[in-house]
Amino acid sequence: MDLSRTLAGLGTALLATALLTGPAHAAPNHAAPAGSGPAATPSTRDFGNGAERNDIAAVASGTAALYSAKAGAQGTGLGTDQAGSGWKPRHKGYPRQTALPVYPVNPEDRSIKLGLVPYHEIAPKLNALQKVSNRVSAEVVGKSAGGRDLYLVTVTAPESAAEAARQDRWRGLIEDDPRAAKRDRALKSGYKTPVWINANIHGNEWEGTDGALRVIERLATATDAATKSFLGRSRVYVTVTNNPDGRIAGTRANGAGFDINRDHATSSQPESRAVRDVVIGTQPFVMLDEHGYTGTTLIEPATPPHGQNYEYDLYIKHALPNAEGMEAAIQKLGYAETTRADIPFRDYAPGDWDDWPPIFTPMYAIYQGAIGHTVEIPLQVNNAAYTSLPVEELRRRSAVNTDVAAATIEAALTYADTNRTGLLAGQIEQFRRGWAGEPSPTIPDGFVPGFGPEDRYSTEFPRAYVIPQGTPAAARLVNHLVAHDIRVTRARHSFALNGRRYAAGTYLVDMHQPKRGLANVLLEAGRDISDLVPQMYDISGWSHRLLWGAPVDISRTAAPRVASSPVTRAAPTGSVEAPRGRDLSLTLRDGNDVRAVNELLNLGVKVRQTGASTVVVPAEARGEAASVAKTLGVRFTAARGPEGAPISPPVIAGAVAADELFALQEMGFPVRTVSTASLNAGSVDLSGVDTLIVSSGLSYAALNPAARAVVDGFLARGGGVVTRGATGAAFNAAARVLPATAVAGRGDANGVVTVSNEGSVVGAGSLPNSFVYSPLWFVGSGFVGPGFVGPGFTVEQRYGADPLVAGHWLPTEAGINGPEQAAGQAAVISGATAGGGRAVLFGTEPLFRAHPKGLYAQFARALFWSAS
Ligand SMILES: [Zn+2]
């Protein structure tokens, strides 16, 4: 993490759009001056929905296109196939050495300037270590978005196949039958302590990789008895760089523009899926995620709000002393910059560095049984520092940072080894409570030093979640849960529960299971935490149940009474339910429905549209329809009549954020990416474009006269417009698209909201929930400038009467821009432009980080409608 995007920074960016009717943001800015050494005030984490999401337009080329092509080749669309990285621990002994493929020297690798190991040197280094040491095993556990190898190194004393199989059995026993594991004396003495180190998930926070390589090398080659015996009772797993694309390019994000350390609940990116599979397959007691740069070394545990689904007593009992052990280790380094660490739990105010959302690697890992820590190494070498500081100073800093990374890893290994009995007991207890369905215990004040009422978070686990089958959304959700090692079963017969009848084949998530915390954190609605802390750092609300489009019922207390079978993969859902010879109808409810339309259009099928949300496929294309029904799980029914206007593949230009580009590609929309810069350079034009999307990196005010003429000409000939967020609203105001003024909620407000659906384009058939980040709403306001003759707008969707379901949304200090002001206001609007085109403006976030899959079709319907 770095300091470049702060709360105040976003507020400024929003205010700069000049369309806001009030202060966008009033949260304090805690940012320490970058690279200033020990910080007097707490470091600020990167603000989640940073300015770049609205200011930098994605470019559809290179890895984004590559990834899209790969996703398309799977033919499943939109993450219905989340089976994972393909990596599974192999059942053989150690070492399990493989010759890693070696890649050409890349002199452009940004690590080189810092004196660090460039990506192309990692494989040769690991290959050499495997040659000299039978303690080291290296393998490829996945590919990055840019197609680069993701390495897992395991360091342990050699094991025979039988010994390794016994370790696997014990690992399984801890999760599957923790009571038996607790009684098993051989397990207690013989189970090797698993520790996992994840490095370089943010590509421009380099030195975790270098520190980890140093530790691997020491463990591989040390000849002392202590190391030898340590490796006899431990397995050290290291994902050496979780983001090779970013390591090479010097970017925080991966090659597809995603922050992987925000993706763990969504699994949209191959890097997060790979480490998900590693944490499930290795079940570590302790894990570190090595980041930078916060001035002072920062080591979690975090401040409140604490995730309410943790067994937090089991976590904090070890997390705090482990952090203090790491602090002691960096103090011993003797640098002026390492005299202390910031431990947020101990040192910061609530809300300054929380562990609330399961989107961060260590928070996600807690649900998988680990004591997870983010570690922030101190000295900034990225962003402005990378280009402005002398090379010698950068290398001095990187050397200190590497020492800090290595010291924290060594200290964590020592802690895990010293406390292996307690850590094993804790992991067993976590899974035991899950199986038993026991409430999480109430933790007393002073349980660890500093634990007080502000740290006490808990939830009531329901008895079961019930997911009726038959839609692509349900299949996607089930596959997602299963890929995360959540146990899902399928009813063999029909059954009744809570007065409702469910068909055979219905999916069940019995919450008496070892990873119930993870199941619940994904499926529960969440909580409105606005009154609990003054601000939050990243998303505070999410819910796969409310936002992914699958109906999910909650059984609070009653267990389903029906025989059921374990699910390893959701059953296919596609169908063509119409007599032969009949035209086929498809309703655009899910992103997969949209992808099906785009695939049919690409095949040359003469698709007709009979409304914003329904298309008709001619009877003669039944074969093509059956084919996409099979691959995408969509359902065709008999069309009622021959009506409908033919549609052609919409030609879309987009100034969009990287996550939106990705989501659009998931739905099968090719997007010609544009930006202020590309329009000003004259390198793109809008000829032939049906709809222009504006949500990031396109400012009408910043266009030069020629570029402005291109946009004006596009609007004058009736081009369609779809906008999202403040950048889109600013475009609407400046280019006079619809006579609506956007009002901004507080800039850091985010979460799950209720909406009422009214309009026929976006509203019809949409979910009663939506997602917002920096929410907007729209009020009528004629532009009083000359020449505007817009006819008004239609409200597609309104915020509910008490809109915030889960998340954090406070009014500003002036008491405005809060959910009370948003209640009942227009969240999404549509209308006709002065040029005769159609426009849709979103104040919500239907594509945010490729997460709210159940909202995708809203955006697609806006595109089809505005393009026609
Ligand atoms: Zn980071």
Side-chain angles (χ1 to χ4, degrees), residues 1-7 9 30-32 34-35 39 42-53 110-111 114 116 144 196-212 239-255 257-264 269 271-272 275 287-302 323 326 341-342 344 348 352-365 372-386 397-398 401-402 404-405 408-409 537-539 849:
M1 306 183 185
D2 62 59
L3 298 171
S4 63
R5 282 165 281 169
T6 63
L7 299 169
H30 296 270
S43 311
T44 294
R45 298 205 283 199
D46 275 327
F47 189 43
N49 190 15
E52 83 294 342
R53 188 150 183 279
R110 297 296 180 97
S111 319
L114 302 171
L116 300 172
S144 69
W196 170 42
I197 308 300
N198 193 44
N200 200 204
I201 188 169
H202 289 146
N204 62 354
E205 298 164 11
W206 286 272
E207 297 91 339
T209 298
D210 303 80
T239 32
V240 179
T241 167
N242 196 190
N243 185 357
D245 301 348
R247 183 176 189 81
I248 292 170
T251 58
R252 175 184 181 85
N254 71 352
F258 274 70
D259 185 335
I260 306 158
N261 200 36
R262 302 292 183 271
D263 191 49
H264 291 292
Q269 298 304 300
E271 293 90 343
S272 63
V275 295
M287 78 79 55
L288 305 185
D289 203 29
E290 293 279 347
H291 290 254
Y293 304 97
T294 46
T296 305
T297 301
L298 181 150
I299 305 170
E300 288 176 345
M326 289 188 258
D342 282 348
Y348 288 3
D352 277 352
W353 192 285
D354 64 275
D355 56 41
W356 181 251
I359 59 177
F360 310 115
T361 323
M363 278 67 256
Y364 177 75
H373 302 258
T374 298
V375 174
E376 298 271 347
I377 53 179
L379 304 178
Q380 194 193 355
V381 294
N382 62 3
N383 301 336
Y386 188 90
R397 289 183 175 201
S398 277
N401 287 337
T402 303
V404 170
T408 56
I409 294 167
Y537 171 67
D538 206 279
I539 59 164
R849 293 181 185 159

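Whatever order the structure lists them in is the order used to number ligands and atoms, beginning at 1.
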What is the name of the N/O/S atom in [X] that sits closest to the Zn ion (ligand 1)?
{"X": "His202", "result": "ND1"}
{"X": "His291", "result": "ND1"}
{"X": "Glu205", "result": "OE1"}

How long is the straight-line distance from CZ of Arg397 back to CG of Leu379, given to the nearest 0.5 Å?
6.0 Å

Rounded at 0.5 Å granularity, tell me how far OG1 in Thr361 sits from CG in Leu288.
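Here the interatomic distance stands at 11.5 Å.
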
In a check of side-chain hydrogen bond (donor to acceptor under 3.5 Å, both in side chains) between His202 and each of Asn243, Asn382, Asp289, Asp259, which one passes?
Asp259

Give a yes or no on whether the backbone of Phe360 and the side-chain of His264 come within a donor-acceptor separation of less than 3.5 Å.
no

